[in-house]
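In what follows, a single structure is set out as structure tokens and then discussed.
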Amino acid sequence: LQHTVTSADNEIKIISGEESIGGVFGDLNISNMTADSYLKDVHIKCPVTGSENVGGLIGKLSVISEKTITINNCKIASIIKGETNTGGFIGLGLTACPITFEEESSIKTSDGIAEVLGGNYTGGVLGKFEPSGNTIIIENTSKIYCGVNISGTTNVGGFAGCVNFNNSKSEDERTVN
């Protein structure tokens with residue numbers, strides 16, 4: 001998927017709603033992904049606002065698969081604002097599939113203000129992440145640039161507001177690099 005969402009003349013001015021609001025997908029739910037999936041060259045330049053599960057790219061991601069989701073050269077240059085589960089890229093992630101980053105994906109100021117503003121579970125990349133299986137794999141985090149203000153009330157982090165391993169069996173099955 002390659003796309004630009006901007007607030008320029010006669011284009012989208014704001015993306016808003018209550019639950020599962022994203023710059024590209026509000027709720028991306030895939031039960032048996034049979035091939036790797038890519039979000040490539042997606043640029044979000046308009047505010048994304050909601051109350052729960054708000055992300056610059058995806059509000060809520062639910063995937064059960066061993067295939068990989070790749071975020072490649074995606075840019076967020078706007079305000080991402082929510083009350084619960086607010087992330088620069090993904091608001092709420094419920095997945096067992098690996099997520100990898102290629103090239104530089106960023107959330108940063110570009111001709112204006114860029115911020116991630118939330119209440120509970122607010123993060124520069126992920127608001128809240130709960131693996132639905134026994135593993136969590138997030139690769140190539142060095143390809144992520146987060147150069148904005150991140151603020152919230154509780155569970156606030158530069159990378160993630162919360163990564164919940166309650167369903168994981170052992171530390172050996174958790175990888176973030």
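These values consider heavy atoms only, across backbone and side chains, with no hydrogens, waters or symmetry-generated copies.
- Taking CD1 of Ile79 as the reference point, atom OG1 of Thr49 lies at 9.5 Å (rounded to 0.5 Å).
- Counting all heavy atoms, side chain and backbone alike, Cys146 lies closest to Gly124 at SG-CA, 3.7 Å.
- The minimum heavy-atom distance between Tyr121 and Cys162, with the atom names listed, is CD2-CB, 3.3 Å.
- Leu126 places a side-chain heavy atom less than 4.5 Å from the side chain of Phe159.
- Shown here for Thr86 and Lys81, the closest heavy-atom pair between the two residues is CG2-C, 4.2 Å.
- Residues Val54 and Val48 are in side-chain contact: their nearest non-hydrogen atoms beyond the backbone lie under 4.5 Å apart.
- In this structure, CD on Glu102 lies 9.5 Å from OG1 on Thr68, to the nearest 0.5 angstrom.
- Screening Glu83, Lys128, Glu19 against Asn53 for a side-chain contact (heavy atoms from CB on, under 4.5 Å) leaves a single residue, Glu19.
- Scanning both residues, Asn73 and Lys75, for their nearest heavy atoms gives OD1-NZ, 3.1 Å.
- In this structure, Leu94 and Asn29 have side chains that are not in contact, with every pair of non-hydrogen atoms separated by 4.5 Å or more.
- How far CD1 of Ile30 is from OG of Ser62: 9.5 Å, rounded to the nearest 0.5 Å.
- Taking NZ of Lys40 as the reference point, atom CG of Asn72 lies at 5.5 Å (rounded to 0.5 Å).
- Among the candidates Thr100, Asp36, Leu61, the single residue satisfying the side-chain contact (heavy atoms from CB on, under 4.5 Å) test with Ile69 is Leu61.
- The heavy-atom pair separating Ile80 from Ile76 by the smallest distance is CD1-CG2, 3.8 Å.
- Note that CG of Leu39 and OG of Ser105 are 9.0 Å apart. Values are rounded to the nearest 0.5 Å.
- Closest of all the heavy-atom pairs between Ser78 and Cys46 is OG-C, 2.9 Å.
- Expressed to the nearest 0.5 Å, how far OG of Ser20 lies from CG of Leu28 amounts to 11.0 Å.
- In this structure, Thr95 contributes its side chain and Val63 its backbone to a donor-acceptor pair below 3.5 Å.
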